[in-house]
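Down below is the structure, laid out as structure tokens.
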Amino acid sequence: MAIQLFDSLERKIKVLSPSHPDGVFRFYNCGPTVYAPAHIGNFRTFVVNDVLRRLLELEFGAAKVKHVRNLTDVDDKTIRRAREEGRPLADVTKQWTDKFHADCAALNCLPPHVEPTATGHIKEQVDMIDVLMQKGNAYRAADGSVYFKVTSFAGYGALSRVKERELQLGSALSGKSQAADADEKEDVSDFALWKAHKPDDGANAWDSPWGRGRPGWHIECSAMSKKHLGETIDLHTGGVDLLFPHHENEIAQSECCNGSQFSRHWYHSEHLLVDGKKMSKSLGNLYTLDQLKEMGHSPMALRYALLTGHPRKQLNFTLDSLHAAESALKALRAFRATLPAVGGDAAIFTPVFAALNDELNTPGAFGALFTIVNRGPQGISLDSFDRVLFALGLNLDVTTPKAEVPAEITALAAKRWAAKQAKDFAAADALRKELTAAGWSMLDSKTDYKLEPLKK
RNA sequence: GGCGCGGUAGCCAAGUGGUAAGGCCGAGCUCUGCAAAAGCUCUAUGCGCCGGUUCAAUUCCGGCCCGCGCCUCCA
């Protein structure tokens, strides 16, 4: 079953396929900047890309997919963070890289096959800039920085339609860019390939033919993609915000440098909104995985919730959606427990995969899955069900962490159980009321009982 | 101002030119000393508004209203 995905460049739905003779599908996903914990909006993109990675493996075979996701470990934000904390840059980026990895693992995201860093590929970046200089696509400005000359690339703007945008520059853009622009660029549209060292950069500088400095943001993806996947890749993905300027600039750099098509397919996932707005610190609606965990939500519930919206549509995240996800996962877990190991008809799940392969329609896939689940377990076995879980990346063994039961609650529960055994129901009911007042629920079975915090 | 996306039940959210998936919540029932859990059942004559095309539109076309995102280093 072919995987179809919208291509942001050609603006149409296309079938994914490998182009290299080795049959390996080359997939590059723009990764995070490691200066702070990633928020759940970042993880929406990574979880969506993880589902894509899993589908690619199912489609082409696990050995025939090469997935690269970079780490941006040198830029204004990482350097500023290091400076503010008085620590070496590498310390800061190591800390947040480790955190990112831990969060990804908790969300059951498969690690990429290669996870290159910008600082680990200075030479590759310098080499590309060198070629761009030789070919006349770049110039060194008076401040020592090297810029890409946008007018030198006729194809500039094809991805983001930036040319149409510039026909009528609104006040918002012109005011902003003039205020922020202290560079020596020949044209406001030009962007930095190599940034000359400034005092605020501290020790974070490397030698280059154009003097000490550091690479611009955009060139890292071009260089790392080229090194690990070759000049032409099969798919390049990221969040919509990267469409312009980041991906537009990548295309310009790579195609001018290599003289060949950069990526055969571009895919951008939409943003996560919280309470109807984009997440931001100033709005106070920015969540991290740790915050949700502290509220008692499991990472798997977040993964599920992040997949309940179509990846190409903004998804409005609410805390309620985590409760819904938790309940849905519980139902899937209960269903799975009723299944025999083998012997089912895998074709039953065709509608689920059809939805996933049709532009990663994860909400449609969940709908199809529950339609099947609601019909009952007849004809379904564990192997085929687990294939669905694999594609969605749902690990049903992950449950909400159990809350610690205070000693006094344990004692009350024991007293009530004793009263119940003695058929003193009045006392048992009174004790249940006490437990309820204390925020605990006692779940009786025939022979035993469990304690759970009351649901809010 | 430009570019892009969207408005479907209390909430979240698929989808289709032929009469609305699914999850949550809620209600009822079964079960249970009670409660919870679990199981079963029910819950949009309706898909932002107004026109048009059509035998038929939520789905196509036009207009309008509203919301959101992006517009130089934010996934």
Side-chain angles (χ1 to χ4, degrees), chain A residues 8 11 29-33 38-49 72 75-77 150 160-174 176-177 180-181 183 185 188-192 195 216-218 237-246 248-249 268-273 276-280 304-305 308-310 312-318 320-332 334 351 355 361-374 420 423 425-426 428-429 432-433 435-436 441-446 449-450 452 454-455:
Chain A
S8 315
R11 289 176 210 113
N29 171 20
C30 278
T33 301
H39 59 248
I40 61 174
N42 296 314
F43 281 118
R44 178 185 193 195
T45 296
F46 297 125
V47 165
V48 165
N49 275 273
T72 297
D75 77 324
D76 292 347
K77 291 192 294 273
V150 163
S160 61
R161 306 186 196 186
V162 73
K163 283 175 180 168
E164 287 98 316
R165 295 181 189 206
E166 286 182 347
L167 286 176
Q168 290 187 10
L169 281 182
S171 55
L173 175 56
S174 48
K176 198 162 137 189
S177 72
D181 197 356
D183 304 318
K185 297 189 280 192
V188 284
S189 298
D190 293 349
F191 55 92
K195 304 179 83 140
W217 175 40
H218 313 297
T237 67
V240 276
D241 52 306
L242 297 184
L243 209 134
F244 184 82
H246 187 50
E248 193 71 64
N249 293 353
H268 295 91
S269 47
E270 257 295 348
H271 276 159
L272 184 72
L273 305 181
K277 303 277 185 189
K278 183 181 176 180
M279 273 186 294
S280 71
Y304 188 102
T308 57
H310 191 111
R312 272 212 308 135
K313 255 176 89 173
Q314 291 171 342
L315 172 65
N316 187 27
F317 175 84
T318 62
D320 269 352
S321 71
L322 289 177
H323 290 115
E326 213 76 73
S327 298
L329 287 170
K330 199 171 174 182
L332 292 177
N361 186 348
T362 48
F366 281 131
L369 177 58
F370 273 94
T371 300
I372 294 163
V373 165
N374 290 338
K420 182 185 168 178
K423 305 231 185 275
F425 296 126
D429 287 352
R432 177 180 287 288
K433 275 185 185 165
L435 283 164
T436 303
S441 164
M442 189 163 168
L443 313 180
D444 294 359
S445 71
K446 291 248 189 258
Y449 61 90
K450 282 193 300 188
E452 279 184 7
L454 278 178
K455 285 179 186 163

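Worth saying up front: this structure is predicted, and the values here are computed from it rather than measured. Computation of the quantities below employed the complete heavy-atom set of this structure, encompassing side-chain atoms and omitting hydrogens, waters and symmetry-equivalent molecules.
- Each of A/P245 and A/S269 was matched to the nucleotide of RNA chain B holding its nearest heavy atom; the match closer to the 5' end belongs to A/P245.
- Using a 4.5 Å cut-off on side-chain heavy atoms (C-beta onward), A/H310 and A/N361 make contact.
- When the nucleotides B/A21, B/A38, B/A75 are ranked by their closest atom to the side chain of A/T371, B/A21 comes out on top.
- One can find a donor-acceptor pair under 3.5 Å joining the base of B/C34 and the side-chain atoms of A/D444.
- Considering only heavy atoms from C-beta on, A/D76 stays 4.5 Å or farther from A/W217 through its side chain.
- Base pairing annotation: B/C25 forms no Watson-Crick or G-U wobble pair, as no partner gives both donor-acceptor distances under 3.5 Å.
- Remark: P of B/G69 and CD of A/E270 are 10 Å apart, rounded to the nearest angstrom.
- Listed for the A/R44 side chain is a donor-acceptor partner under 3.5 Å among the backbone atoms of A/E270.
- On the C1' atoms, B/G26 is 15 Å away from B/C12, given to the nearest whole Å.
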### Task
Check the pair A/L322, A/F317 against side-chain contact (heavy atoms from CB on, under 4.5 Å), reporting the backbone distance first and the verdict last.
CA-CA 9 Å; A/L322 289 177; A/F317 175 84; 3.8 Å; yes
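- Among the heavy atoms of the strands lying under 4.0 Å from A/H310 are primed sugar atoms or P, OP1, OP2 only; no base atom is included.
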#### Entry: side-chain contact (heavy atoms from CB on, under 4.5 Å) between A/V48 and A/T237, intermediate numbers included
CA-CA 10 Å; A/V48 165; A/T237 67; over 6 Å; no
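- A/K278 comes within contact range of at least one nucleobase, with a heavy-atom separation under 4.0 Å.
- Counting any heavy atom pair closer than 4.0 Å across all strands shown, A/H271 reaches a base atom.
- Residue-level contact check: A/G41 touches the bases, meaning some heavy atom is under 4.0 Å from a base atom.
- Taking atom P on both nucleotides, B/C61 is separated from B/G46 by 24 Å, rounded to a whole Å.
- Residue A/S321 is classed as having no contact, given no heavy-atom separation below 4.0 Å to the nucleic acid.
- Distance check on atom P: B/U53 versus B/U58 gives 15 Å, rounded to whole Å.
- Comparing B/A14 with B/A27, their P atoms sit 27 Å apart, to the nearest whole Å.
- In the set B/A35, B/A37, B/A75, B/A75 carries the atom at the smallest distance from any side-chain atom of A/F46.
- Between the CZ atom of A/F366 and the C1' atom of B/G22 there is a distance of 10 Å, rounded to whole Å.
- Two residues, A/R312 and A/K446, neighbour RNA chain B, and the one matched to the more 5' nucleotide by heavy-atom proximity is A/R312.
- The distance from atom CG of A/N316 to atom P of B/G23 is 21 Å, rounded to the nearest whole Å.
- Here A/K77 lies in heavy-atom contact (under 4.0 Å) with sugar-phosphate atoms only.
- Residue A/L329 contributes atom CG, which lies 14 Å from atom C1' of B/G22 at whole-angstrom precision.
- Residue-level contact check: A/L443 touches the bases, meaning some heavy atom is under 4.0 Å from a base atom.
- If you check B/C24, B/G69, B/C12 against the side chain of A/T318, the one that comes closest is B/C12.
- Nearest to the side chain of A/T308, among B/C25, B/A21, B/C12, sits B/C12.
- With distances taken from any side-chain atom of A/L315 to the nucleotides B/C68, B/C24, B/A13, the minimum falls on B/A13.
- Atom pair A/E326:CD and B/A37:C1' shows a separation of 16 Å (rounding to whole Å applied).
- Across all strands shown, B/U45 forms no Watson-Crick or G-U wobble pair with both distances under 3.5 Å.
- Rounded to the nearest Å, the gap between the C1' atom of B/C24 and that of B/U43 is 13 Å.
- Spacing between atom CG of A/D320 and atom P of B/C24 amounts to 13 Å, rounded to whole angstrom units.
- Residue A/F425 is in base contact, counting any heavy-atom pair closer than 4.0 Å across all strands shown.
- In this structure, A/F244 places its CZ atom 12 Å from C1' of B/G2, rounding to the nearest Å.
- Atom name P, nucleotides B/G15 and B/A56: the rounded distance is 27 Å, in whole Å.
- Atom name C1', nucleotides B/U32 and B/A37: the rounded distance is 10 Å, in whole Å.
- The side chain of A/Q314 approaches B/C68 more closely than any other nucleotide in the set B/C68, B/G33, B/C34.
- When the nucleotides B/C34, B/A75, B/C25 are ranked by their closest atom to the side chain of A/D429, B/C34 comes out on top.
- Between A/K450 atom NZ and B/U32 atom P the separation is 19 Å, expressed in whole Å.
- With contacts defined as side-chain heavy-atom distances shorter than 4.5 Å, the pair A/Y304/A/F366 qualifies.
- Nucleotide B/C5 is matched to B/G67 when pairs are restricted to Watson-Crick or G-U wobble geometry with both distances under 3.5 angstrom.
- Remark: the backbone N or O of A/Y449 is not paired with any side-chain donor or acceptor of A/D444 at under 3.5 angstrom.
- Here the SG atom belonging to A/C30 is positioned 10.5 Å from the NE2 atom belonging to A/H218, to the nearest 0.5 angstrom.
- As the counterpart of B/A57, no nucleotide is assigned, since no Watson-Crick or G-U wobble pattern has both distances under 3.5 Å.
- Not a single donor-acceptor pair, N or O on each side, falls under 3.5 Å between the base of B/A75 and the side chain of A/R44.
- Summarising the base pairing, B/A35 is matched to no nucleotide, lacking a Watson-Crick or G-U wobble pair whose two defining distances lie under 3.5 Å.
- Comparing B/A36, B/C68, B/G22 by their closest approach to the side chain of A/S441 singles out B/A36.
- Of the candidates B/A75, B/C34, B/G23, B/G23 carries the atom nearest the A/A324 side chain, counting heavy atoms from C-beta on.
- Remark: A/K313 is in phosphate contact with B/A14, judged by side-chain N or O atoms under 4.0 Å from OP1 or OP2.
- Taking 4.0 angstrom as the limit, A/N361 places none of its side-chain polar atoms (N or O) nearer than this to OP1 or OP2 of B/A14.
- For the P atoms, the distance linking B/G67 with B/U8 amounts to 14 Å, nearest Å.
- Using a 4.0 Å heavy-atom cutoff across all strands shown, A/G367 reaches at least one base atom of the nucleic acid.
- A/I40 has its side chain within reach of A/M279: a pair of non-hydrogen atoms, C-beta onward, lies under 4.5 Å apart.
- Taking only distance into account, the side chain of A/N374 never meets the base of B/G22 through a donor-acceptor pair shorter than 3.5 Å.
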